[in-house]
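Reviewing the structure listed below.
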Amino acid sequence: MQYHRPESLKEALKLLQNSQLLGGGTTLTPVRHQLGTVLDLQELDLGGFTLQNDAIQFGAGLRLQAIIDASGSFPPHFIQAVRHETALNMRNAATLAGLVVSADGRSPLLTVLAAMDAKVKLEPAGEQLDLAVFFKRRSERTEPFLITEIETCNPGRLSYEMVARSPMDRPIVCSCAALRPDGRIGLALGGFGEHPRSLPTAERGADLEEISQAASAAYAQAGDAYASAEYRSAVAAILVKRVMEEVLA
């Protein structure tokens, strides 16, 4: 295995081709014996965050536990989703970008980020993609890329609800609603599939019953080993209504 630890973004981009990116190592460590070239990003200055009135910029290398350690800077339900993402030891290693690249639809934090209108900044192209667009493309991309930043709105209100087999288990169904600075409400549904789903009916100002029906329909075929489609569909309708009512209160 070849190992590189660049000290600048410019150097990292030169080594990007044919390299496996290493942030916290939670994804690569289980397959370490199969790796060819590893690009360790820990020396890059990507581990902080910046709060503004309307936006939050998260560095791609920010550890999940660092978010909890700065819990006074974020809404309580945002911190709750981070805690439910994984256990303490994993949070100390896992990075935000690694989560965005590898997590599936059962991710509490990805569900919250989707509601918060997250955007992902990619290099070397310098493009910024809505999280929903990135989800669609992440398995299709053939050119190597590096996430440098995740930007979200700074919500006026945020509500997150989940149903799981135990209080700290990953969700069977979860939902998040975020009141964005422009007055729109972002709404996302998680607990199933390759990635969380945004529910645009909330942004269009639909009433609660219509939004609840849209959530139920979105999970009408969402059956797997953890729960039946009928169960998920019914719970999704309830959770979406709860988070919307809390944000609108």
Side-chain angles (χ1 to χ4, degrees), residues 1-52 54-70 73-74 82 85-86 90-105 107 109-114 116-154 194-196 198:
M1 181 179 70
Q2 291 187 337
Y3 174 82
H4 301 283
R5 191 163 179 152
E7 297 183 355
S8 69
L9 180 59
K10 183 177 180 180
E11 183 183 355
L13 293 177
K14 288 181 180 179
L15 297 167
L16 190 58
Q17 193 73 34
N18 300 319
S19 294
Q20 293 283 339
L21 302 184
L22 172 65
T26 57
T27 302
L28 291 190
T29 298
V31 296
R32 58 190 179 278
H33 300 300
Q34 305 170 24
L35 301 177
T37 301
V38 173
L39 190 58
D40 190 336
L41 306 176
Q42 294 184 75
E43 292 296 324
L44 305 187
D45 186 21
L46 300 175
F49 66 89
T50 303
L51 288 167
Q52 299 177 350
D54 292 344
I56 309 173
Q57 282 88 32
F58 296 99
L62 183 66
R63 310 283 173 170
L64 300 189
Q65 184 58 34
I67 297 174
I68 293 177
D69 292 341
S73 300
F74 303 106
V82 178
E85 188 64 45
T86 189
M90 294 291 282
R91 293 198 303 266
N92 277 322
T95 64
L96 194 55
L99 180 80
V100 169
V101 168
S102 62
D104 61 16
S107 166
L109 185 50
L110 280 192
T111 304
V112 173
L113 290 175
M116 291 170 64
D117 194 28
K119 295 176 173 55
V120 181
K121 186 176 181 181
L122 306 178
E123 296 293 352
E127 61 182 332
Q128 190 176 56
L129 300 178
D130 288 341
L131 188 60
V133 176
F134 178 79
F135 285 154
K136 293 177 181 178
R137 294 187 185 179
R138 67 180 179 178
S139 62
E140 302 172 357
R141 296 184 72 96
T142 56
E143 293 299 317
F145 67 91
L146 170 65
I147 297 177
T148 58
E149 183 180 277
I150 296 96
E151 179 177 318
T152 74
C153 74
N154 193 355
E194 296 181 359
H195 53 77
S198 296

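Position 1 is the first residue of the sequence, and the numbers go up from there.
- Of the inter-residue distances, the one linking Thr148 atom OG1 with Asp45 atom CG reads 11.5 Å to the nearest 0.5 angstrom.
- To the nearest 0.5 Å, the span separating CD on Gln57 from NZ on Lys119 amounts to 11.5 Å.
- A search for salt bridge (Lys or Arg N to Asp or Glu O under 4.0 Å) contacts involving Glu194 returns nothing, not counting sequence neighbours.
- Counting heavy atoms from C-beta on, the side chains of Ile56 and Thr50 never come closer than 4.5 Å.
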Check the pair Leu9, Leu146 against side-chain contact (heavy atoms from CB on, under 4.5 Å), reporting the backbone distance first and the verdict last.
CA-CA 10 Å; Leu9 180 59; Leu146 170 65; 3.3 Å; yes

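- Nearest heavy-atom pair, Leu99 versus Ser107, reported as atom, atom and distance to 0.1 Å: CD1-OG, 4.0 Å.
- The side-chain heavy atoms of Phe49 and Leu96, taken from C-beta on, include no pair separated by under 4.5 Å.
- Rounding to the nearest 0.5 Å places CD of Glu11 at 10.0 Å from CD of Glu43.
- Closest of all the heavy-atom pairs between Leu64 and Val82 is O-CG1, 3.6 Å.
- Checked against side-chain hydrogen bond (donor to acceptor under 3.5 Å, both in side chains), Gln128 has no partners two or more places apart in sequence or in another chain.
- Checked by atom type and distance alone, the side chain of Arg91 never pairs as donor or acceptor with a backbone atom of Arg63 at under 3.5 Å.
- In this structure, the side chains of Val101 and Arg138 stay at 4.5 Å or more apart for every pair of heavy atoms.
- Taking all atoms of both residues into account, the shortest heavy-atom contact from Phe145 to Leu122 is CD1-CD2, 3.7 Å.
- Taking both residues in full, the closest heavy atoms of Thr95 and Gly61 are given as CG2-O, 3.7 Å, listed atom of the first, atom of the second, then distance.
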